[in-house]
Colleague: 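Following this message is one structure expressed as structure tokens.
The sequence lines fix the lettering, A, B, ..., with proteins before strands; numbering per chain opens at 1.
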Amino acid sequence: MTATTDSPVADDTDDGPNDFLRDAINTDMADGRTSNGVVTRFPPEPNAYLHVGHAKAICVNFGIAEQFGGRCNLRFDDTNPVREEQEYVDSMIEDIRWLGFDWGERELYASDYFEQLFDWACELINKGLAYVDDQSADQIRATRGSLTEPGQNSPHRDRAAEESLDLFKRMRAGEFADGEKVLRAKIDMAAPNVNLRDPVMYRILRATHHRTADEWCIYPMYDWAHGQGDSIEGVTHSLCTLEFEDHRPLYDWYIEQLGIFPSRQIEYARGNITYTVTSKRRLLQLVEKGLVSNWDDPRLPTLQGMRRRGVPPEAIRRFWREVGVAKRENNVEVSLLEYYMRDHLNKVAPRFMGVLNPLKVVIENYPEGDVEHLEGVNNPEDPSAGTRQIPFGRELWIERDDFMEDPPKKFFRLAPGREVRLRYAYFITCTQVVKDESGQIVEIRCTYDPATKGGDSPDGRKVKATLHWVAASTALQAQVRLYDRLFTVENPTDVADDEDWLDNLNPDSLQTLETCYLEPALAELKVGEGCQFERLGYFCVDPDSTSQRLVFNRTVALRDAWSKVKKKGG
RNA sequence: UGCCCGGUCGUUCAAUUGGUAGGACAACGGAUUUUGGUUCCGUCUAUCGAGGUUCAAAUCCUCGCCGGGCAGCCA
């Protein structure tokens with residue numbers, strides 16, 4: 001395969017499973033319909049921030065182009081200036097790049113084709129295939145018929161082509177008020193497919209466009225722009241979501257009447273994920289009502305949010321590739337995404353120790369004031385990551401969950417009289433539990449065995465647990481934000497008429513821990529960089545960090561067999 | 001009750017196009033382990049229904065049933 005694509009994605013270039021899109025493309029190639037290569041496009045409307053659902057479309061379109069040695073254009077579908085803004089263009093470009101795709105010089109816009117679209121519209125008018133309608137929006141709606149009844153012809157449907165052409169040019173010239181006239185395709189008001197009932201091609205809209213400013217006061221509709229843009233660009237396969245299936249006859253009709261390059265539209269099912277919402281409207285509500293901090297809230301499935309949370313783009317790409325593409329409605333389990341997050345992070349994330357819910361440990365037989373440095377492996381999955389020195393001392397922090405005064409049978413961490421290993425350090429044995437007047441455990445007293453330095457016992461005795469720890473005297477203090485799924489149910493928007501989908505919000509989706517202790521090496525980590533806190537999960541540095549205090553986001557927890565045992569009442 | 005699309009393990013995608021229903025995740029069990037992580041091994045579970053064609057049907061046909069989309073001068 002000759003790879004001429006601009007998007008070499010090194011880590012996931014293997015083709016993955018077959019699907020009906022690739023089958024169709026293979027067939028078209030065999031039939032000689034792709035002599036200039038396979039061309040796809042990702043066509044967002046710049047009116048919102050990209051989310052993980054868009055990522056599927058991006059992966060499908062760029063992925064297929066790459067796999068077939070073709071190319072994928074980025075084309076902004078900017079035909080409605082009242083909704084679109086440059087800010088969204090910029091953020092989309094940033095997000096797609098972050099995901100790992102590249103479109104070379106082909107940053108394209110539907111608005112690039114406004115003049116051509118206008119000329120083609122004139123051509124259709126001349127052929128008697130389009131006409132200017134003077135009816136109001138209400139009248140057009142009223143005469144469109146219903147799902148079960150045909151529509152009625154507009155009184156202007158059969159006006160002379162010359163008259164329509166004149167009117168259309170005057171529409172462009174600004175002689176009419178917004179909404180006063182439209183250009184309509186002349187197809188069939190009795191068509192069972194409502195999209196074919198003389199669809200509107202142009203409306204008059206006095207709004208400043210983010211690229212063409214006030215050059216135009218008429219704007220093409222989606223159907224009369226998208227397929228034409230595809231054709232102009234030589235897009236061989238225009239892959240879109242299922243709701244456009246009913247539009248395909250119109251897509252094909254315009255191309256056929258114009259006799260231009262026949263792009264082929266194929267529809268596939270959008271990707272949904274359990275416990276998350278991706279509709280623009282709903283994401284907007286979450287942000288505007290302050291239910292999340294902003295568009296980049298790490299709990300949101302926006303690409304900005306996922307990036308801030310530390311989700312590796314590789315995981316998103318891998319996820320959508322493995323999920324595949326089909327035509328049936330789907331709701332993929334979020335655990336699959338989490339699996340690929342862990343799978344990637346496990347290979348690349350440097351390990352550190354951090355204590356989230358600290359409990360003080362004093363090693364009674366360790367010399368007061370002494371600090372020694374012990375060697376830790378940075379990444380057991382990647383020897384080239386090397387080692388680091390970790391300071392150890394008489395007073396340490398361990399995780400509160402790692403000690404139980406009266407442990408159940410299957411708990412094999414620290415308990416009175418029990419010996420455990422401190423990772424990379426020593427075996428310690430709990431000798432005493434110190435409580436305050438309310439009975440709360442405030443400190444654990446232990447002894448250590450100097451012969452077990454590094455964590456090995458020369459006499460071969462075993463311990464059942466290895467704990468992470470941080471030396472108190474050199475610890476970094478940090479805030480850590482733990483995220484849980486934003487909703488408590490798999491389908492948050494699946495609610496009865498008298499229910500509010502927002503009632504499904506998880507009240508505990510964010511837990512902020514103000515006093516966490518980290519090993520000092522973590523001070524070197526920069527904003528956005530990720531790591532593993534051993535035994536806990538993957539974390540990354542949040543932009544809220546200051547030189548005074550680090551802030552970490554938990555990207556995803558490690559799989560936790562103990563929590564399952566605990567739940568079962570172990 | 002118009003038109004279009006879809007229905008395969010809990011989830012999702014496959015099945016060389018009519019020839020032993022398979023993978024991944026999840027779940028469950030076990031081995032290894034200086035992360036109750038990783039890795040490894042194993043187990044469990046599915047063709048919406050009824051007819052028909054055929055030596056043979058997830059696949060083709062018919063009729064049902066269920067789910068989704070469509071009546072913007074949105075995309």
Colleague: Please confirm whether Tyr109(A) and Phe76(A) have ring centers closer than 6.0 angstrom.
Modeller: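 Under 6.0 Å, so yes.
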Colleague: With hydrogens left out and only the distance checked, is there a donor-acceptor pair under 3.5 Å joining Arg342(A)'s side chain and the base of rU38(B)?
Modeller: no
Colleague: Classify the angle between the aromatic ring planes of His226(A) and Tyr222(A) as parallel (below 30°), tilted (30 to 60°) or perpendicular (above 60°).
Modeller: tilted
Colleague: Within a reach of under 6.0 Å around CZ of Arg157(A), are more than 12 heavy atoms found that belong to other residues, nucleotides or ligands?
Modeller: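 Correct, the count exceeds 12.
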Colleague: Using O4'-C1'-N9-C4 for purines and O4'-C1'-N1-C2 for pyrimidines, with syn meaning within 90° of 0, is rU17(B) syn or anti?
Modeller: syn
Colleague: Which whole number of Å gives the distance between the C1' atom of rG30(B) and that of rC44(B)?
Modeller: 15 Å
Colleague: With distance as the sole criterion, do the side chain of Arg535(A) and the base of rG36(B) form a donor-acceptor contact below 3.5 Å?
Modeller: no
Colleague: Determine, answering yes or no, if Trp562(A) is stacked on rG36(B) under the 5.5 Å centre rule and the 30° plane rule.
Modeller: yes
Colleague: Would you confirm whether the ring centroid of Tyr49(A) sits within less than 6.0 angstrom of the ring centroid of Tyr88(A)?
Modeller: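 Ring centres of Tyr49(A) and Tyr88(A) closer than 6.0 Å.
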Colleague: Mind checking whether Phe118(A) and Phe168(A) have ring centres under 6.0 Å apart?
Modeller: yes
Colleague: Are Phe552(A) and Phe533(A) close enough that their ring centers fall under 6.0 Å?
Modeller: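 So the answer is yes for these two rings.
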Colleague: Is Arg423(A) reaching over with its side chain to a backbone N or O of Arg421(A), donor-acceptor style, under 3.5 angstrom?
Modeller: no
Colleague: Tell me whether the side-chain N/O atoms of Arg559(A) come closer than 4.0 Å to OP1 or OP2 in rU38(B).
Modeller: yes
Colleague: Write out a two-atom table: protein N or O, nucleotide N or O from nucleotides 15-25 of chain B, distance below 3.5 Å.
Modeller:
unit_1	atom_1	unit_2	atom_2	d
rA24(B)	O2'	Tyr340(A)	OH	3.4
rC25(B)	OP1	Tyr339(A)	OH	3.1

Colleague: rG72(B): syn or anti, with syn meaning chi within 90° of zero?
Modeller: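 Syn for rG72(B); the angle stays within 90° of 0.
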Colleague: Are the ring centres of Tyr254(A) and Trp120(A) closer than 6.0 Å?
Modeller: no
Colleague: Taking CH2 from Trp216(A) and P from rC73(B), how many angstroms apart are they, rounded to a whole number?
Modeller: 21 Å
Colleague: Give the residues of residues 178-198 of chain A touching RNA chain B, defined as any heavy atom closer than 4.0 Å, sorted by residue number.
Modeller: Gly179(A), Val182(A), Pro192(A), Val194(A)
Colleague: In whole Å, what separates the P atom of rG7(B) from that of rU39(B)?
Modeller: 33 Å
Colleague: Just call it for Glu45(A): base, sugar-phosphate, or nothing, with non-hydrogen atoms closer than 4.0 Å on any strand.
Modeller: sugar-phosphate
Colleague: When you measure from the side-chain N and O atoms of Arg421(A) to the phosphate of rU35(B), is any distance below 4.0 Å, counting only OP1 and OP2?
Modeller: no
Colleague: Does rC74(B) have its OP1 or OP2 closer than 4.0 Å to a side-chain nitrogen or oxygen of Arg281(A)?
Modeller: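 Result: no.
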Colleague: Establish, with yes or no, whether the OP1 or OP2 oxygen of rC28(B) is under 4.0 angstrom from a side-chain nitrogen or oxygen of Lys564(A).
Modeller: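 For Lys564(A), the contact criterion (side-chain N or O under 4.0 Å from OP1 or OP2 of rC28(B)) is met.
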Colleague: When only distance counts, do a donor and an acceptor, one from the side chain of Asp560(A) and one from the base of rG36(B), lie under 3.5 Å apart?
Modeller: no
Colleague: Take a 6.0 Å sphere around NZ of Lys169(A) and say whether it holds more than 12 heavy atoms from other residues, nucleotides or ligands.
Modeller: no
Colleague: Which dot-bracket notation, 5' to 3', represents the base pairing of RNA chain B when pairs are defined as Watson-Crick or G-U with both distances under 3.5 Å, crossing pairs as [ ], and inter-strand pairs as |?
Modeller: .((((((..((((.....[..)))).(((((.......)))))....(((((..]....))))))))))).....
Colleague: Within the modelled atom types, does a donor on one side and an acceptor on the other bring the side chain of Glu267(A) and the base of rG6(B) under 3.5 Å apart?
Modeller: no
Colleague: OP1 or OP2 of rA75(B) less than 4.0 angstrom from a side-chain nitrogen or oxygen of Thr79(A), does that happen here?
Modeller: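 Looking at the OP1 and OP2 atoms of rA75(B), one of them is under 4.0 Å from a side-chain N or O of Thr79(A).
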Colleague: Does Arg144(A) have a side-chain nitrogen or oxygen under 4.0 Å from the phosphate oxygens OP1 or OP2 of rC73(B)?
Modeller: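 For rC73(B), OP1 or OP2 has a side-chain N or O of Arg144(A) closer than 4.0 Å.
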Colleague: What distance, rounded to whole Å, do you find between the two P atoms, one in rA24(B) and one in rU32(B)?
Modeller: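 Those two atoms are separated by 23 Å.
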